[in-house]
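Take a look at the structure below.
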Amino acid sequence: MAERAQRKTPDSSRRSERSRRAIHDAALALVGEVGYAKTTIEGIAARAGVGKQTIYRWWPSKAAVLLEAFLDLSERAARESGGAGEPGVADGPYEIPDTGDLETDLKLVLRATVDQMNDPRFEVPSRALAAEGIVNAELGTEFARKMLEPQLQLYVRRLAAAQAEEVGGVRPGIDLRIALELLVGPVAHRWMLRTAPLTHAYADTVVEYALHGLAPRPPRP
C-alpha cells in the first residue's frame, strides 16, 4: 500500500517543468502570429493551459517570458545538434570549434547560424522580437544583452585564440569586435531585410571576404 501511495504522489517538479515548457511554446507561437504588441500574458496563459497567476509567479512581464523562451529554444537546439554539426555531442558550454584552421571553423559555425535563421521555429519569433526591439529600447537592450552578446562572445574567443597563435590567421592589433561584425553583420543584414537568400555558399563567401579582404590575392599553388 505504501508503495502504491508513493507511486501516486504527484511530482511537482515535473509538473512545473511541463507548465514552463508549455508557457515558453505558447509565448513563441503567439509573438510570431500576432506580434509583440498584441501578445499578452492572458493570451499566453490561455494558449499554454495555465492560469495567468502561474506566469506572474515566475516572470515579471511578457518580455521576460519571451526572452527566456527564446533562450531555452536556442539551448535545446544546441543540445540537439551537439553544437556545430556533431549530433549527440553536447557536454559543457558550446564553443566555436578550434581545429587549427580558422577559416574552416568559422564557415562551420556561420553555416549553422544560417540554418538556424532559416528555421521557422527561430525565424518567426526572432523577427517579431527584433522588430519590436527597434522601437522598444528596453526590450532591444535586453535581447542584445541576454541573447546576442553571449553568441558574439563565442566569435571573440575564437578570434582571440587565432590571434594568439603564431600562424593563427588574425594579426595582432585587430579589433576583435569589429572583426566579428564583419562575419555576422552581413548575415544579419540579409536576413533582416530579405535582400537575398541565406545559403551555406553565402556564409562561406562572407567568411572568405572577412578573412582575406577584397584585394587581389596571388593564385594558390
Side-chain angles (χ1 to χ4, degrees), residues 70 73-75 77-78 80-87 89-90 92-131 133-134 137 140-141 143-221:
F70 204 87
L73 178 62
S74 298
E75 289 169 3
E80 289 168 6
S81 68
E86 296 182 30
V89 182
Y94 173 66
E95 294 288 344
I96 294 177
D98 187 349
T99 65
D101 185 331
L102 179 62
E103 183 173 329
T104 296
D105 295 344
L106 291 176
K107 285 180 177 180
L108 185 68
V109 74
L110 211 59
R111 282 184 173 207
T113 299
V114 163
D115 288 342
Q116 180 171 312
M117 296 176 102
N118 286 329
D119 184 337
R121 293 182 303 164
F122 294 89
E123 183 181 18
V124 173
S126 59
R127 281 192 183 280
L129 287 170
I134 293 173
T141 299
F143 186 70
R145 182 176 68 85
K146 292 182 177 179
M147 184 68 200
L148 300 182
E149 191 58 32
Q151 296 179 357
L152 296 178
Q153 287 303 314
L154 299 176
Y155 287 91
V156 170
R157 289 195 289 273
R158 180 62 186 91
L159 292 169
Q163 198 173 46
E165 296 167 4
E166 190 170 333
V167 187
V170 178
R171 70 177 185 267
I174 289 289
D175 185 319
L176 299 182
R177 187 73 187 201
I178 295 175
L180 76 87
E181 289 171 353
L182 294 176
L183 295 162
V184 301
V187 173
H189 178 274
R190 181 172 285 205
W191 174 82
M192 180 66 75
L193 300 182
R194 294 188 172 98
T195 55
L198 275 180
T199 64
H200 285 181
Y202 174 70
D204 289 351
T205 302
V206 167
V207 172
E208 291 168 9
Y209 285 5
L211 290 182
H212 306 299
L214 303 180
R217 288 185 287 164
R220 294 180 180 177

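Side chains are part of it too, since the values below use all heavy atoms of this structure and drop only hydrogens, waters and symmetry mates.
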Polar side-chain atom of Asn118 near backbone of Leu198 as donor-acceptor pair, under 3.5 Å: yes
Heavy-atom closest pair, residues Ala203 and Val114: CB-CG2, 4.0 Å
How far apart are the closest heavy atoms of Pro150 and Ala144, and which atoms are they? CD-O, 4.5 Å
Given the rule in the side-chain contact (heavy atoms from CB on, under 4.5 Å) test, do Ile96 and Arg157 qualify, once you have shown the distances and angles that lead to the verdict? CA-CA 8 Å; Ile96 294 177; Arg157 289 195 289 273; over 6 Å; no
Determine whether Leu102 and Leu159 make a side-chain contact, defined as any pair of heavy atoms from C-beta on separated by less than 4.5 Å. yes
Start with the C-alpha distance between Thr113 and Val184, add both sets of side-chain angles, then the distance that settles side-chain contact (heavy atoms from CB on, under 4.5 Å), and finish with yes or no. CA-CA 9 Å; Thr113 299; Val184 301; over 6 Å; no
Can you tell me how far CG of Asp115 sits from OG1 of Thr199, rounded to the nearest 0.5 angstrom? 10.5 Å
Is Leu182 close to Tyr155 at the side-chain level, that is, under 4.5 Å between some pair of heavy atoms? no
Side chains of Ser126 and Trp191: closer than 4.5 Å at any heavy-atom pair? yes
Measure the CD-CG distance between Gln153 and Leu176 for me, rounded to the nearest 0.5 Å. 9.5 Å
When you measure from the side chain of Asp98 to the backbone of Arg158, do you find a donor-acceptor pair of N or O atoms at a distance under 3.5 Å? no
What are the two closest non-hydrogen atoms of Pro120 and Pro125, and how far apart are they? O-CD, 3.9 Å
Would you find a donor on one side and an acceptor on the other, under 3.5 Å apart, between the side chain of Arg177 and the backbone of Leu152? no
Taking atom CG of Leu154 and atom CG of Leu180, what is their separation to the nearest 0.5 Å? 10.0 Å
Sub-4.5 Å side-chain heavy-atom contact between His200 and Lys107: no
What heavy-atom pair brings Phe143 and Phe70 nearest, and what distance separates the two atoms? CE1-CD2, 4.3 Å
Spatial distance of atom CE (Met117) from atom CZ (Arg127) [nearest 0.5 Å]: 8.0 Å
Let me confirm one number: the CD-CD1 distance from Gln163 to Ile174, rounded to the nearest 0.5 Å. 7.0 Å
Using 0.5 Å steps for rounding, measure from the CG atom of Asp101 to the CG atom of Leu108. 11.0 Å
